[in-house]
Amino acid sequence: MTTNEVYRIALAGNPNTGKSTLFNALTGLKQHTGNWAGKTVSLAEGSVHYKKNTYRLIDLPGTYSLYSNSTDEEVARNYIVFEKPHVTLVVLDATSLERNLNLALQVMEMTSNVIVCVNLIDEAKKRGIEIDELKLMRQLGVPVLKISARNKTGFPALLDTIDRMIRGEISTSPYAIQYNDETEGKISQLVPNVKKLVGDRFPSRWIALRLLDGDTSLLDEIQKRMHQEEESTWNTVQKTSGSHLENF
Amino acid sequence: MEYSPENERQSFRELLNQANELSTSSLRDEVVSSLYQTSQQICSRTVRFTKSKEDKKTERLDAIFTSPIWGFPIMLIMLGLIFYLTIAGANVPSSMLANFFTWLEDYISMAFFALNSPDWLHGVLVLGLYRGTTWVISVMLPPMAIFFPTFALLESYGYLPRVAFNMDRLFKKVGAHGKQSLTMAMGFGCNAAAVLSTRIIESPRERMLAILTNNFVPCNGRWGTLIVLASLFMAAGFTGGMKTLVSSGVIVGIVIFGIFVTFAVSWVLSKTMLKGVPTHYTLELPPYRRPKFFDTIVRSSLNKSYAVLMRAIKIAAPAGILTWVFANIYIGDTSIFMYGVNFLDPFAQSLGLDGYIMLAFLLGLPANEVVLPILLMGYLSTGSMLEVDNLADLKNIFLDQGWTWLTALNMMLFSLLHYPCGTTLINIYKETKSYKWTFVAFLIPTVIAIGVTFAVAQLVRGMGWV
Amino acid sequence: MNLYEGNKGDRIRIKEVAIEGVMRRRLLDLGFVPGAVVDVLKKSPLGDPIAFRVSHTTIALRKEESIKITGELIQDDNE
């Protein structure tokens, strides 16, 4: 693998999950505020060096979902889908996993390069909440790590997992939610048409689902982004296949 | 099909139409409830709950912090404590910084003279740029370095959402969001930072209200003016502890008046310009968590205080130069500054102020901190900003200019109510992306400031009280 | 009954969320979904909003919204 590469890692999560604490703990004081394509909301960026690589961490706005109900949600969603970070870290609050998982499942519909961080495990332990992360990992089909951003525990494993995902040593099979037959029928009607337009650049099942959900502004955004993409020449992450979840 | 932009647009439209036909509202609910059920299923397989004491801790604390009896007093005490810490704690470092900069200025001036540099260069760079900038640093930095970290600690502890919870009913009455109480509290530190902090309010209409009215809480840059004027003129007949009490009372009164104006303006706006824009309200009350003291303090000092300070310096520097130029360039035998004073005087007199005060507010647009130094510069016709150490001297300067308690009161009111500072206006534009709303944010306070001071001046003079 | 009518300590299983648009979405995101169990925690000192416990988090809702979320009271003997 090449050295001195810069990889973009996006942090997504609900508000109050300690996402920013994790971001701060990982990046230290090497931060600045960057403007992203939307340019309405600026996102904090910082970098981490690990094994000769540089990870540029992008702290997405804390949101409850990614259905573009608000500017923050739209910014977070657009970043994950259109800017295609090499890895998306979804930070979950161990003390309210049920609600937090909603967001993880939504991210997993958008990209397969997902790592789930279950944060605040110290807090959860105090409250008598036990989380079986191996089982959770098998259920979700993506790496799951327990961390405590406050106490800076679980970071080595997290950085190592990021490293291995970037090197293509981990391949994921994100849990795909099955909707009822009627919805699935409509999705499969739309997917071929979406594919025809956007090819493999953007996740077509997810786009179909958003369209069915009445998210009309999404198509305008896609059109805009496709033209931008033709002009710029960035490298998207190369998905590798073959290895399985058992590898990690 | 050959690719062409027209074809592409066409196929996007077709896709949209197809999707719209298939989309139903029950489908949308289905999507969300499937998602939720999936989460629930996964959780039930992977998470085990045993009983614990921690939930009880948050519950017990909430019973106090949001109690009908203790909720409000505790809030007031917390706010009072932050102010006290900020004002009392900032005094010493502020004067140390000021002394240091004065000491340094002597050496810089000596260097200028040693190099035989022309007077105007020394004037622009040292008396204008250097003095203006260092004044802002020494006045602003210490309070910021105390206020923001304290606020950040309360935030990471989880107390602030409780304030929003307690206050929401009041804000709802005027069509605003309970979280506006937090952006207002932030405004006591710095309106510019507070405008950015309105992001915590998700619904656009309430957020706009919070942005447009934030200026009515006096920021750190205006506290100084308020405190000095209150203690010089409002508590003049008192001594010792009573004096402090009366001048504090006057300041509290001014702040309460500012809050009253906030509510009034919010109410009017939500019935007029911001009518009918939909509202949605949810407020999460996270569990209390002991903050990481050191991390929080370092982080908030670096992020907030530093950023606010840098912006202020960027604006104070040119303002310092401009003020010096105004005061030292003469047309005939009158400086540009004095032309401005004479031009503004009749209007200012009708507001119970004078031309110097008005011009100081205008030149002070970049940062409220420089208003008082510019005013003194004008009164003493020194040609550069200066600080007077002795309060009694200061009072004599004002009295020589024909000040009465009305002048002091109206200057306080004008300071409280007038247009937001330059940095705040820039942030308002950044957040709203609209010239119109930025202009409205400028116009509303300006009109109110002029209206209120005019009314007060006419009333007081009409009744023969001065 | 609706959530607004709940008293401190009540547990209510949600039947219907009669709110449309973005607010509905937000409520669903937060766990106010049909079938979910909500604990009524406490009223704000001024009577409104009210804090509820839903999917292990505490969320405060105003009267305008809580009055439109209906459900049935659960008899709970465990606590």
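Lettering of chains follows the sequences in order, A, B, ..., and the numbering in each one begins at 1.
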Undergrad: About how many Å separate CD1 of Ile177(A) and OH of Tyr36(B), when rounded to the nearest 0.5 Å?
TA: 13.5 Å

Undergrad: So, Asn102(A) versus Ser39(B): side-chain donor-acceptor pair below 3.5 Å or not?
TA: yes

Undergrad: Which one of Arg289(B), Glu14(B), Gln18(B) has the most heavy-atom pairs closer than 4.5 Å to chain A?
TA: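 Most heavy-atom pairs within the cutoff with chain A belong to Arg289(B).
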
Undergrad: For Gly214(A) and Ser23(B), work out which heavy atoms get closest and say how close.
TA: N-OG, 4.1 Å

Undergrad: Measuring from atom CG of Leu219(A) to atom CZ of Phe12(B), what distance do you get when rounded to the nearest 0.5 angstrom?
TA: 6.0 Å

Undergrad: Which region of Leu197(A), side chain (C-beta onward) or backbone (N, CA, C, O), has a non-hydrogen atom less than 4.5 Å from a non-hydrogen atom of chain B, or is it both or neither?
TA: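 Contact with chain B is through the side chain of Leu197(A) alone.
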
Undergrad: Counting only heavy atoms closer than 4.5 Å, note whether Gln139(A) contacts chain B via side chain, backbone, both or neither.
TA: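 Only the side chain of Gln139(A) comes within 4.5 Å of chain B.
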
Undergrad: Between the side chains of Thr183(A) and Glu30(B), is a donor N or O closer than 3.5 angstrom to an acceptor N or O?
TA: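 Yes, because at least one side-chain N or O of Thr183(A) sits under 3.5 Å from a partner of the opposite role on Glu30(B).
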
Undergrad: Is it true that a side-chain atom of Arg48(B) and a backbone atom of Asp132(A) form a donor plus acceptor pair closer than 3.5 Å?
TA: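 No: the side chain of Arg48(B) does not pair with the backbone of Asp132(A).
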
Undergrad: In sequence, state the C-alpha distance, the side-chain angles, and the governing distance for Val31(B) and Leu212(A), and then conclude on side chain to side chain contact (heavy atoms under 4.5 Å, CB included).
TA: CA-CA 9 Å; Val31(B) 170; Leu212(A) 287 174; over 6 Å; no

Undergrad: A side-chain contact here means heavy atoms from C-beta on lying under 4.5 Å apart; do Arg199(B) and Pro61(A) qualify?
TA: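 A side-chain contact is absent here, since even the closest heavy-atom pair is not under 4.5 Å.
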
Undergrad: If you apply the rule side chain to side chain contact (heavy atoms under 4.5 Å, CB included), what do you find for Leu35(B) with Tyr67(A), and how did you get there?
TA: CA-CA 12 Å; Leu35(B) 183 69; Tyr67(A) 288 145; 3.2 Å; yes

Undergrad: How would you list, in number order, the residues of residues 186-193 of chain A that have a heavy atom less than 4.5 Å from chain B?
TA: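 Listed by number: Lys186(A), Gln189(A), Leu190(A), Asn193(A).
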
Undergrad: Looking at CD of Glu123(A) and CZ of Arg290(B), how far apart are the two atoms once the value is rounded to the nearest 0.5 Å?
TA: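 Reported value, rounded in 0.5 Å steps: 9.5 Å.
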
Undergrad: Who wins among Ile131(A), Ile222(A), Asn180(A), Leu97(A) for the most heavy-atom pairs under 4.5 Å with chain B?
TA: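 That would be Asn180(A).
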
Undergrad: Is Leu120(A) close to chain B through its backbone or its side chain, or both, or neither, when contacts mean heavy atoms under 4.5 Å?
TA: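 Contact with chain B involves the side chain of Leu120(A) alone.
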
Undergrad: Report which part of Asp93(A) has an atom under 4.5 Å of a heavy atom belonging to chain B: side chain, backbone, both, or neither.
TA: side chain

Undergrad: Are Arg99(A) and Glu284(B) within salt-bridge range, i.e. N to O under 4.0 Å?
TA: yes

Undergrad: Taking atom CG as the centre, does Asn17(B) end up with more than 12 heavy-atom neighbours from other residues, nucleotides or ligands that are less than 6.0 angstrom away?
TA: yes

Undergrad: Quick one: pull up CD1 in Ile42(B) and CD in Glu98(A) and give me the separation to the nearest 0.5 Å.
TA: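 The CD1 atom of Ile42(B) sits 11.0 Å away from the CD atom of Glu98(A).
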
Undergrad: Give, for atom OG1 of Thr46(B) and atom CD of Glu130(A), the distance between the pair rounded to the nearest 0.5 Å.
TA: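 Atom-to-atom, Thr46(B):OG1 and Glu130(A):CD are 12.0 Å apart.
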
Undergrad: Quick check for you: to the nearest 0.5 Å, what is the distance between Gln41(B) atom CD and Tyr175(A) atom OH?
TA: 6.0 Å

Undergrad: Quick one: which of Lys135(A), Arg150(A), Glu109(A), Glu133(A) has the most heavy-atom pairs under 4.5 Å with chain B, could you say?
TA: Arg150(A)

Undergrad: Could you go step by step and tell me if Cys43(B) and Leu101(A) meet the side chain to side chain contact (heavy atoms under 4.5 Å, CB included) rule?
TA: CA-CA 8 Å; Cys43(B) 269; Leu101(A) 265 183; 3.8 Å; yes

Undergrad: Check this for me: does any side-chain nitrogen of one of Arg207(B) and Asp72(A) sit under 4.0 Å from a carboxylate oxygen of the other?
TA: no

